[in-house]
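There's a structure below that I have some questions on.
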Amino acid sequence: MQSNTVFDLSSPPGIPIVDEPRLFPVRRIFCVGRNYAAHAAEMGNEVDRSAPFYFTKSARALCLSGSSVPYPPGTGDCHHEMEFVVAIGAPAFRVSREDAMQAVYGFGCGIDLTRRDLQAAAKAKGRPWDLGKDFENAAIMGAITRAEQFGPIGDQRITLDLDGARVQDARLSDMIWTVPELLSDLSRYYHLRPGDLLFTGTPAGVGPVEAGSVLEGTVTGLSPLSVTVTAAP
Ligand code: MN
């Protein structure tokens, strides 16, 4: 096909979907900070219950379950953050909490890979988190399960095993801001569109990965996620 751009970036990155041969194309990636009280506490932060807060990752930060992830550059303290991810399938802008779930296509297991040392340095100086959060392979995704197949969000278990040892273990009901609350709030600032992802925050138990680490994440009812960290190139 003839392209009218000077470089060919081809199609958007896509995520496999359970029982669907086509991929879920990724448009934007939004992430919520401090959405589990025990994780906020382990990071030394107070929970701010006045409003959720967000950061973003490039769609090009996507990495699929089953991949090898080279240890990221520029960090000596790269952390795993296991998260429940919402995949948007319909437009939503200024949507009410009551109507918010109508915009949801499905859900997936995700890892918000974080260069903790760079994030901490940015926090200390009041600078943006981009270097700590938005880098290649920093948005790891398992296959997406459609919302009707998953059913209502309740107290499903969310876990992460690091080299076979359970390090993160919580319930989706532990989230401070529920998914409808997050979507309603986020849609006050953005026109959410099909292809957008929302990482809903991590439970307690975050920690460093290293070359050779195997990360296996689960949420009850979702396709599990697994990646191996390899030596820095
Ligand atoms: Mn996170």
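Note that the structure is predicted; figures quoted are calculated from it, not measured. Order of listing sets the numbers, starting from 1, for every ligand and every atom in it.
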Kindly indicate, with the supporting measurements, whether the criterion side-chain contact (heavy atoms from CB on, under 4.5 Å) is fulfilled by L197 and V26. CA-CA 7 Å; L197 298 179; V26 178; 4.1 Å; yes
Please find out if less than 6.0 Å separates the ring center of Y54 from that of F30. no
In a table with atom names and distances, give each donor-acceptor pair under 3.5 Å that connects a side chain of residues 63-76 to protein atoms at least two apart or in another chain.
unit_1, atom_1, unit_2, atom_2, d
S65, OG, S226, N, 2.9
S65, OG, S226, O, 3.4
S67, OG, L64, O, 2.5
Y71, OH, D77, N, 3.4
Y71, OH, C78, N, 3.1
T75, OG1, D77, N, 3.0
T75, OG1, D117, OD1, 2.6
T75, OG1, D117, OD2, 3.3

Taking the six-membered ring for Trp and the single ring otherwise, decide whether the centroids of F53 and W129 are under 6.0 Å apart. yes
Output, by chain and residue number, all protein N/O/S atoms separated from the Mn ion (ligand 1) by less than 2.8 Å. E81 OE1, E83 OE2, D112 OD2
Sub-6.0 Å ring centroid separation between F199 and F55: no
Checking the side chain of T200 only, and the main-chain atoms of F84 only, is there a donor and an acceptor separated by less than 3.5 Å? yes
